[in-house]
Amino acid sequence: MSRSTRTGQRSPHVADSHDLIRVHGARVNNLKDVTVEIPKRRLTVFTGVSGSGKSSLVFSTIAAESQRMINETYSAFVQGFMPTLARPEADLLENLTTAIIVDQERMGANPRSTVGTATDANALLRILFSRLGKPHIGSPNAYSFNVPSVKASGAITIERGNKKTVKATFNQTGGMCPRCEGRGAINDIDLTQLYDETKSLAEGAITVPGYNPDGWTVRYFTASGFLDADKPIRKYTKRELHDFLYKEPTKVKIENTNITYEGLVPRIQKSFLSKDKEAMQPHIRAFVERAVTFTTCPDCDGTRLSEAARSSKISGKSIADLCAMEIRDLAEWVRKLQQPTVAPLLATLQHTLDSFVEIGLGYLSLDRPAGTLSGGEAQRTKLIRHLGSALTDVTYVFDEPTIGLHPHDIQQMNDLLLRLRDKGNTVLVVEHKPETIAIADHVIDLGPGAGSDGGTITYQGPLAGLRKSGTLTGRHLDDRATLKPEVRTPTGTLEIRGATTHNLQHVDVDIPLGVLCVITGVAGSGKSSLLHGSLPTDAGVITVDQTPIRGSRRSNPATYTGLLDPIRKAFAKANNVKPALFSPNSEGACPACNGAGVIYTDLGIMAGITTTCEECDGHRFQTAVLDYHLAGHNISDVLAMSVAQAHHFFTTGDATTPAAHTILTRLHDVGLGYLKLGQPLTTLSGGERQRLKLATHMADKGGIYLLDEPTTGLHLADVEQLLTLLDRLVDTGKSVLVIEHHQAVMAHADWLIDLGPGAGHDGGRIIYQGTPADLVTNPTTLTGKHLAEYVTR
Ligand code: ADP
Ligand code: ADP
Ligand code: ZN
Ligand code: ZN
């Protein structure tokens, strides 16, 4: 296979103990007195089944201690604003260097952040335009869509002895489009979705969910004094219609209470649009999708920039034009720009743009909203800053950097990891893919199982030793898939015609139903655009992806899956009290932390910090609630159980609860047996979130399941179990569509749809559709070539 020709293995210097990061007796989460020595300035890969303790060691012990030590170097004054971080539980942590975590956290929901602003590329372009742009319109800020134009003047009074007045003018020219305030889009509410104009308010004219004619939400309008409850909306005067829909906040008295009245549209904007769609109830989400459309801002044409900012050009291109280009094309454009006066600036810009291309992101554009990047793309984008960094002797920590990468792209990522190492950095990588494990100088394997069955080091040393070690990872390292002798016959097809989302080039494709269909192609070829952007909306597709599950900090697997309901009822019945006592967001909650078990401190620009609540010691409940027991355990004990433990508990003796058992079985089936019921959702990885969603949706009626890299976070040994689960879904009559790079999943498909041949404008076409066997026999595409080398025949 075209796996690394350059493994670049270096044998760690064992002689000098200063060249080792030493961890002795680590006990964070499930770690059982773990002792490891990690060679500095080498590439170490951490392996082990999911839940074995890799993150607990790498992120929660090593990186966390490094972060804590950096915080301690701040002045006492600054530290006064930061909660004291607890030292990770370990006997010894020695020779750490500054840790930089490059993870897959998506790059925030801030709609103002783009690929260009998240890296230094936009800042560099703005300086370039302020120097060379014609006409000259001002400083670099004049080209920034995040800086508004403000002109103000006024008098400032300074009281010092005699009163004195100082005239001041304030003048700032930013490049923000005033219409959309630099967002590039404006939202439009479709009024026909809000009310039925033939009816009066009393007859139920308002068609927004939750607005019942006899409820408070409608009385608010009818009793406001501005509107006639019995007049059909169609007969409203201009004034009335304005007061109904748009009236600005006004104090009124309704039923002897002073309240602030405002029109329906701003009310809806506040109550529906500020919320996360994922967290909404389905009928409300459906309403929002019907009623609100985001349209490109007509003034700036989506560029976010003011007219002045767009008028200034270099060689006929505005900064908006450049930001819309694919980065690899922009890199070539900049290379041709010969301007000795700004040579150093151009060199830095060139370097940044070239880094995008080298890292396999040349198909992105700088104006791409950062929030639309996939986890893998976000991780690689964050890496750009570090590639150009002059820092050395840093510890870089990666969480599955190959996510979202086709086997063909993995080589590039490997080269980057090696480059960081060769600059004199220590590189720690949590990874499951054999292609990346293969380039490790040093391997640390955790296990043998997950949760309390894991947390020990099963192997540490060079790769060759891992193969011989007999550990689960060692045994599966050279796994190869076999093609199925027979594939299933589709029960129907889902037609996509003329799809043009993003880079798709008028794609016509029939997606087979009732089978396991795998979509493949290099990163950026258009897989997500096809499945997330082009499937008919009425096809009943259930999307099971890795996006964060937002909600409160009190959300955990028990609340998210609905498991807490039967559990609360079982506790209530056993103790003859109200079920509500046992939910951490109700009256039984600890008043200090409101049932979160932790206190969250928002540090503004820095990442927030959570500390265990001192009042309840992390138990979330008032002490009185903890006195109620079910088969000898209180509710806090139950929330501390793993899925596997709870599965046993709720099928035994007095605790037997069939409804809980059903949900726990599903969680177990998706490979989350090690997960604690009360673990905050915010601490789950992308792969765990996806499997949690899959478990929750398994009982849904819908017919088509769409999964995005479900092998994320899965050990080689667990891929088999995932395939069994996918088979089970198909065998119960569901259609399963999977975007996947794992070749064992491709080999197991009934049907493959391969997109490409390249990324961005070089992709967006179907280059193969058919069975895996036919592709392997005649490997016409990159996917085919890799798959042919991978499968055993
Ligand atoms: P891996 O990275 O190998 O998948 P983790 O280190 O994430 O494993 O998890 C090891 C064990 O610690 C698991 O049982 C997991 O449920 C538990 N765990 C991980 N993070 C937390 C947390 N923030 N709070 C409580 N338990 C946790
Ligand atoms: P894949 O899923 O195969 O990695 P994508 O469908 O994510 O590929 O991307 C295909 C092309 O569409 C790329 O050029 C990408 O930059 C572009 N693209 C994807 N999502 C968006 C988006 N939200 N806005 C603009 N362009 C996008
Ligand atoms: Zn605009
Ligand atoms: Zn508390």
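Note that ligands are numbered from 1 as they come in the structure, with each ligand's atoms numbered from 1 the same way. This one's a predicted model, so the numbers in the text were calculated from it and none came from an experiment. All heavy atoms count here, side chains included; hydrogens, waters and symmetry mates do not.
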Just to confirm my output: which protein heavy-atom neighbour is closest to atom 7 (O) of ligand 2, and how far is it? S528 OG, 3.6 Å
Can you list the ligand 2 atoms lying under 4.0 Å from a non-hydrogen atom of G760? 14 (O)
Can any side-chain N or O of Q350 pair as donor or acceptor with the backbone N or O of R335 at less than 3.5 Å? yes
In the protein, what heavy atom is nearest to atom 26 (N) of ligand 2, and what distance, to one decimal place, separates them? H502 CD2, 3.5 Å
Looking at atom 8 (O) of ligand 2, what's its closest protein heavy atom, distance included? G526 N, 3.1 Å
Distance, nearest 0.5 Å, that separates CZ of R183 from OG1 of T296: 15.0 Å
Nearest 0.5 Å please: distance from the NE2 atom of H742 over to the CG atom of L714. 8.5 Å
Considering non-hydrogen atoms of the protein only, which is the closest contact for atom 9 (O) of ligand 2, and what is the distance? S529 OG, 3.8 Å
Suppose we measure from atom 4 (O) of ligand 2 to each protein heavy atom; which comes out shortest, and what is that distance? G524 N, 2.7 Å
Main-chain N/O of Q411 paired to E435 side chain as donor or acceptor, under 3.5 Å: no
May I ask you to identify the nearest protein heavy atom to atom 13 (C) of ligand 2, giving residue, atom name and distance to one decimal place in Å? Y363 CD1, 3.6 Å
State whether D510 and R497 are salt-bridged, where the test is any N-O pair (Lys NZ or Arg NE/NH1/NH2 against Asp/Glu carboxylate O) under 4.0 Å. yes
Any donor-acceptor pair under 3.5 Å linking the side chain of Q690 with the backbone of L707? no
If you have a sec, read the angle at the Zn ion (ligand 4) from C613 atom SG over to C593 atom SG, to 10 degrees. 110°
Would you say the side chains of H619 and N634 form a donor-acceptor pair under 3.5 Å? no
Any donor and acceptor pair, going by atom type alone, linking the side chain of D750 with main-chain N or O of C517 inside 3.5 Å? no
To 10 degrees, how wide is the angle SG (C616) to the Zn ion (ligand 4) to SG (C590)? 110°
Within the 4.0 Å heavy-atom shell around L364, which atoms of ligand 2 are there? 16 (O)
Could you please spell out the steps behind the side chain to side chain contact (heavy atoms under 4.5 Å, CB included) verdict for E181 and M176? CA-CA 6 Å; E181 298 183 331; M176 178 186 282; 4.2 Å; yes
Please list, in number order, the atoms of ligand 2 under 4.0 Å from a heavy atom of A523. 4 (O)
Donor-acceptor under 3.5 Å (H741 side chain, G404 main chain): yes
Consider ligand 2: state whether an atom of it lies below 4.0 angstrom from any non-hydrogen atom of V522. yes
C297 atom SG and C180 atom SG as seen from the Zn ion (ligand 3), angle to 10 degrees: 110°
Quick one: look up the protein heavy atom nearest atom 20 (N) of ligand 2 and list residue, atom name and how far away it is. R368 NH2, 2.8 Å
Mind checking whether E326 has an N or O less than 3.5 Å away from an N or O of ligand 2? no
Under 4.0 Å from one or more heavy atoms of T372, ligand 2 contributes atoms 23 (N)
Side chain, backbone, both or neither: H761 near ligand 2, heavy atoms under 4.0 Å: neither
Mode of L530 contact toward ligand 2 - side chain, backbone, both, neither (heavy atoms, under 4.0 Å): neither
Using heavy-atom distances, let me know which of L361, V115, N503, L373 sits nearest atom 11 (C) of ligand 2. N503
Might you point out which heavy atoms bring R380 and I403 nearest each other, and give the distance in Å? NH2-O, 3.8 Å
I'd like to know whether E431 forms a salt bridge (Lys or Arg N to Asp or Glu O under 4.0 Å) with K433, so could you lay out the CA-CA distance, the side-chain angles of the two residues, the decisive distance to 0.1 Å, and finally the verdict. CA-CA 6 Å; E431 187 55 79; K433 296 237 172 82; 5.1 Å; no
